[in-house]
Amino acid sequence: MEQSIESYIKNLVRETIGHTLGELQIQSDRRVYVIANWKMNKNLADTAEFFQTIKSSDDVSVVVCPPAQLLYPAHLFISQQGKSIGLGAQNVHWAEKGAYTGESSASMLKDVGCEYCLIGHSERRQYSFEDDLLVNKKVQQAIKSGLIPIICIGETLEEKNLLQTEQVLFKQLFGALKDIDSSNFILAYEPVWAIGTGQSATAELAQQTHAYIRSVLKQIMGEKADGISILYGGSANESNAADYSAMPDIDGVLVGGASLNAQSFDGIINVFAKGEQNS
Ligand code: PEP
């Protein structure tokens, strides 16, 4: 049977560059993440129970960030259960090693099974006075050591009310990504006013802000910005997850409170997995 012009061109493209343009589109799709931030919660027994209960997913990347003391046990529990769940730290030091009492280096975190690391969470910006310069040094060290940074940005309520959201995000993005060539990082937009308050951003507002973040990323890194996953964080839960998952620029969620309960966290994973299956 004679080939249509369309299939002739598709075959030609496939033979020349290894895939069709449609397939190329699929390959450049962003990864969807559902990430748990346990903050300073849980003990060893809770951790074992959580990883027994939680299900992994083939459709979304699930990552759990326990407190530093629980990282290695969590790594063992995940391996024992044979589940496809990534491990992340909640913080990393900017230096390779040295006299920094109480800190953890990127190589130590990798050594205990971490692949990811939160950097610049607003609680650290607030309580440990982390600024954009420090965030940038941490991002540099994480990337150099092979950890994937999950860079958190977001405006306070006061900044939101003063209509400074875009200004704040612009400064945080340029600060965090100064001299970074790699595109091996994840961004989490976490409006400070939505964290732990139950006052989540509407999906429409989050989408609008994510689109702005991607436009700034384009100024920083050009077309590679389209491949960066931007997650929403701030009182995300099983009930509002579907609204976020329907938005084109929201590539998953970073979850605090609702990630402490394995069933609730599973519920959020399922919502995003369904979204991926339908896309
Ligand atoms: C967070 O701290 O990263 C977070 C999103 O918390 P919560 O989901 O509890 O608002």
Side-chain angles (χ1 to χ4, degrees), residues 32-42 46 50 54 60-68 70-71 74 85-92 114 116-130 135 138-139 142 147-157 159-160 165 168-169 172-173 176 185-203 205-207 209-210 213 229-245 247 249-272:
V32 171
Y33 291 87
V34 177
I35 302 185
N37 173 15
W38 287 357
K39 312 192 186 193
M40 199 168 69
N41 291 295
K42 292 201 185 287
D46 300 333
F50 182 92
I54 192 181
V60 299
S61 300
V62 178
V63 178
V64 178
C65 303
L70 297 172
L71 285 170
I85 297 172
L87 189 64
Q90 295 176 14
N91 183 31
V92 62
C114 287
Y116 301 87
C117 180
L118 296 176
I119 296 182
H121 190 282
S122 64
E123 284 152 15
R124 294 205 59 83
R125 290 183 193 253
Q126 184 184 353
Y127 302 124
S128 300
F129 308 105
E130 293 193 359
V135 168
K138 291 182 174 202
V139 172
L147 277 179
I148 300 176
I150 305 159
I151 306 167
C152 304
I153 56 172
E155 80 286 3
T156 62
L157 183 59
E159 289 161 343
K160 176 179 185 268
T165 300
V168 169
L169 296 177
Q172 288 178 339
L173 281 167
F185 62 87
I186 299 166
L187 278 177
Y189 168 57
E190 298 209 299
V192 182
W193 47 269
I195 296 183
T197 59
Q199 306 285 315
S200 53
T202 62
L205 177 64
Q207 163 58 30
T209 313
H210 282 220
I213 291 171
S229 300
I230 308 177
L231 319 186
Y232 168 77
S235 299
N237 56 40
E238 265 180 284
S239 315
N240 56 27
D243 297 340
Y244 297 122
S245 92
M247 293 296 166
D249 282 294
I250 301 184
D251 309 308
V253 278
L254 175 54
V255 188
S259 73
L260 295 176
N261 178 293
Q263 278 91 4
S264 310
F265 191 56
D266 255 344
I268 300 173
I269 295 168
N270 285 339
V271 168
F272 277 89

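Indexing begins at 1, ligand by ligand and atom by atom, following the structure's order. Side-chain atoms are counted along with the backbone in the values below, which use heavy atoms only and exclude waters and symmetry mates.
Every atom of ligand 1 with a heavy atom of Gly257 under 4.0 Å away is listed here by number and element: 7 (P), 8 (O), 9 (O). The distance from ligand 1 to the heavy atoms of Asn37 drops below 4.0 Å at these ligand atoms: 1 (C), 2 (O), 3 (O). Within the listing of ligand 1, atoms 7 (P), 8 (O), 10 (O) sit less than 4.0 angstrom from a heavy atom of Ser235. In the vicinity of Ala194, heavy-atom distances shorter than 4.0 Å reach the ligand 1 atoms 10 (O). Heavy-atom contacts of Gly196 reach the following atoms of ligand 1: 7 (P), 9 (O), 10 (O) (cutoff under 4.0 Å).
Here Lys160 pairs with nothing under the salt bridge (charged side-chain N to carboxylate O under 4.0 Å, His left out) rule; sequence neighbours left out. When the ring-ring contact (aromatic ring centres under 6.0 Å, His included) test is applied to Tyr244, the partners found at least two apart in sequence or on another chain are Tyr232.
Between the side chains of Gln172 and Tyr189, no donor-acceptor pair of N or O atoms lies under 3.5 Å. Donor-acceptor pairing under 3.5 Å is lacking for the side chains of Glu159 and Trp193.
The shortest contact between atom 5 (C) of ligand 1 and any protein heavy atom is with Glu190 OE2, 3.0 Å. Of all protein heavy atoms, the one closest to atom 2 (O) of ligand 1 is Lys39 NZ, 2.5 Å. Looking only at protein heavy atoms, the nearest one to atom 1 (C) of ligand 1 is His121 NE2, 3.2 Å.
The shortest distance between side-chain heavy atoms of Arg125 and Val135 falls below 4.5 Å.
Using a cut-off of 4.0 Å between Lys/Arg side-chain N and Asp/Glu carboxylate O, Arg124 and Glu130 are scored as salt-bridged.
Although no hydrogens or angles enter the test, the distance criterion places a donor-acceptor pair under 3.5 Å between the side chain of Asp251 and the main chain of Ile230.
Checked against a 3.5 angstrom limit, the closest N/O atoms of Gly256 and ligand 1 fall inside it.
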